[in-house]
2 protein chains.
Amino acid sequence: MEAITPNDTRGASRKALLQAARDLIVTRSYASVGIAEICAQAGVRKGSLYHFFPGKEALTLAMLDALYADFERDVLIPGLSGANGLRARIDAFVHAIHAFEARMQTESGQLPGCPFGNLAVEMGTHNPALRQAIRKHLDAVTAHFRAVLDAAVQNGELPPETDTAAAAEQWLALMEGILVMAKADQDPATILRLGPALGALLLNPTPEVHHER
Amino acid sequence: MEAITPNDTRGASRKALLQAARDLIVTRSYASVGIAEICAQAGVRKGSLYHFFPGKEALTLAMLDALYADFERDVLIPGLSGANGLRARIDAFVHAIHAFEARMQTESGQLPGCPFGNLAVEMGTHNPALRQAIRKHLDAVTAHFRAVLDAAVQNGELPPETDTAAAAEQWLALMEGILVMAKADQDPATILRLGPALGALLLNPTPEVHHER
DNA sequence: CTTGCACTTTACCGACCGGTCAACTAGTGT
DNA sequence: ACACTAGTTGACCGGTCGGTAAAGTGCAAG
């Protein structure tokens with residue numbers, strides 16, 4: 001018999017490795033965290049890691065998938081769908097991000113910024129596999145933003161000719177930039193201070209857009 | 001006799017080390033570049049590096065000072081002061097950044113993004129000395145942006161009640177975000193595609209600003 | 001009882017990490 | 001001629017890196 005009780009110890013080491021990799025890499029960086037440290041934190045021997053994953057990169061890829069799933073469930077969807085109206089949704093999203101970063105700083109002593117943006121910056125120039133995986137997750141975030149903007153167009157809160165795809169991309173870019181600044185400050189207040197810029201960017205009729213992509 | 005001819009070989013190794021550190025760290029990352037590699041690229045033995053610098057961190061700090069000086073001279077000042085009018089200056093700045101990133105990609109095969117933002121992201125959570133040095137350089141960039149915005153207020157292009165300090169910070173945040181996205185894409189076209197967001201953000205009367213800093 | 005398999009454990013690999021050291025070289029001022 | 005010094009050199013340090021290999025463990029199906 002098999003797979004009837006998935007909630008036993010089967011896969012416990014695998015999960016512990018994914019969680020340890022997440023905790024360490026998110027709060028520091030890919031290169032500064034070693035296999036040995038991940039194994040120690042997970043309470044697993046190195047050989048077991050290589051039983052479940054071909055190597056550090058594959059472990060990180062799997063960790064990012066799980067991280068995005070949790071981020072979508074815990075931050076993205078609740079933060080964007082709670083309120084009604086575009087401005088309220090943007091504000092709610094900013095506060096959801098602020099709460100996430102502030103909690104991380106309380107728990108780990110560090111304000112991590114955006115885990116995906118961080119990895120994109122660190123590995124963008126010399127690890128194509130990781131870069132493309134991150135790119136996919138960022139596109140998924142953009143799709144959520146666009147859905148919110150499309151709803152605002154439907155409501156008449158934004159003019160019907162709004163290029164919601166372009167605006168969603170700008171939304172993500174500004175959010176990433178805000179988190180870079182907050183990380184440089186190591187201060188979650190930076191998120192609240194810069195947050196209003198999102199409203200200024202998204203609630204105004206965007207001038208001529210060169211739609212090239 | 002001394003210091004009458006600073007253009008001889010005195011300090012040549014030091015300069016070569018700074019340049020090698022810049023080339024390697026800017027196109028990759030701090031952690032992925034080793035002392036040995038920097039020395040090899042500079043044509044200098046390891047012992048000499050430790051004659052001029054106490055260690056890797058100090059070398060990086062000095063490299064960042066030189067990098068900011070060049071960036072200010074070659075990109076910031078020409079890009080911001082050339083044209084007249086706020087919109088034209090923003091556009092010129094975007095194109096200056098685009099040109100810089102496109103040239104870097106041609107020369108080194110990699111689109112590096114913002115070197116300061118990159119280091120802030122990589123070291124922000126676990127190297128306070130580097131983080132604070134980067135914070136200073138980012139503040140210096142913000143001051144340049146603010147001067148441009150103040151001139152626009154003087155011209156009447158922006159309303160007199162504009163909070164130029166806040167707007168300059170938003171300008172930097174959005175620029176950093178655009179460069180994160182461009183690095184994730186490894187495509188300079190992303191800078192031009194997202195560039196118009198800067199105009200949308202800065203040329204509109206920013207709504208209520210919680211001035212807390 | 002035995003075979004097979006998923007998983008674990010431990011010892012080990014060569015390469016590289018940042019950093020140290022003492023000896024040496026060459027140019028300078030006295 | 002001499003001493004001083006800034007700069008250079010190459011050998012060396014302990015520690016860590018990501019990754020490998022082989023033996024061992026426990027459990028479940030036949």
Side-chain angles (χ1 to χ4, degrees), chain A residues 1-25 28-64 119 122-123 126-130 133, chain B residues 1-22 24-25 28-64 119 122-123 126-130:
Chain A
M1 210 169 281
E2 192 212 316
I4 278 187
T5 53
N7 54 341
D8 57 9
T9 61
R10 190 134 59 262
S13 292
R14 209 186 113 99
K15 282 181 184 172
L17 286 166
L18 286 170
Q19 189 60 46
R22 180 193 302 201
D23 293 344
L24 292 167
I25 294 178
R28 293 225 291 281
S29 68
Y30 181 83
S32 75
V33 175
I35 293 284
E37 197 176 358
I38 294 173
C39 290
Q41 170 124 342
V44 166
R45 251 46 61 195
K46 210 192 295 195
S48 291
L49 189 154
Y50 285 93
H51 173 74
F52 292 107
F53 304 97
K56 188 188 184 185
E57 179 183 303
L59 169 64
T60 306
L61 253 10
M63 177 273 278
L64 285 175
L119 267 294
E122 186 184 357
M123 313 308 287
H126 62 282
N127 189 318
L130 272 171
Chain B
M1 208 172 281
E2 192 212 315
I4 279 189
T5 54
N7 54 342
D8 57 5
T9 61
R10 190 132 59 262
S13 292
R14 207 185 114 99
K15 283 180 183 171
L17 286 165
L18 286 170
Q19 188 61 46
R22 181 193 299 200
L24 291 167
I25 293 177
R28 294 226 290 281
S29 67
Y30 180 83
S32 75
V33 174
I35 294 284
E37 196 177 357
I38 293 173
C39 291
Q41 170 124 342
V44 165
R45 251 45 60 195
K46 211 191 293 192
S48 291
L49 189 154
Y50 285 93
H51 173 74
F52 292 107
F53 304 97
K56 188 187 185 184
E57 182 183 301
L59 169 64
T60 306
L61 253 9
M63 177 274 277
L64 285 175
L119 266 295
E122 186 184 357
M123 314 306 287
H126 63 284
N127 190 318
L130 272 171

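In what follows, chains are A, B, ... by sequence order, proteins preceding strands, each numbered from 1.
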Please evaluate residues M63(A) and T60(A) with respect to the criterion side chain to side chain contact (heavy atoms under 4.5 Å, CB included), reporting the C-alpha separation (whole Å), side-chain torsions for both, the decisive distance (0.1 Å), and the verdict. CA-CA 5 Å; M63(A) 177 273 278; T60(A) 306; 4.2 Å; yes
What string of B, S and - do you get for nucleotides 9-21 of chain C, 5' to 3', when a contact is any protein heavy atom under 4.0 Å? BB------SBBBB
In short, A31(A) meets E122(A) closest at the heavy-atom pair N-OE2, 2.9 Å
Under 4.0 Å between a side-chain N or O of S13(B) and OP1 or OP2 of dT8(D)? yes
Take atom CZ of F53(A) and atom P of dC7(C), then tell me their distance rounded to the nearest Å. 11 Å
Looking at H51(B), does any N or O in its side chain come under 4.0 Å of the phosphate oxygens OP1/OP2 on dT8(D)? no
Which atoms form the tightest heavy-atom contact between E57(B) and N127(B), and what is the distance? OE1-ND2, 3.2 Å
Locate the shortest heavy-atom distance separating K56(A) from Y30(A); write the atom from each residue and the value. NZ-O, 2.9 Å
Got a list of side-chain donor-acceptor pairs under 3.5 Å for residues 45-54 of chain A, not counting sequence neighbours?
none

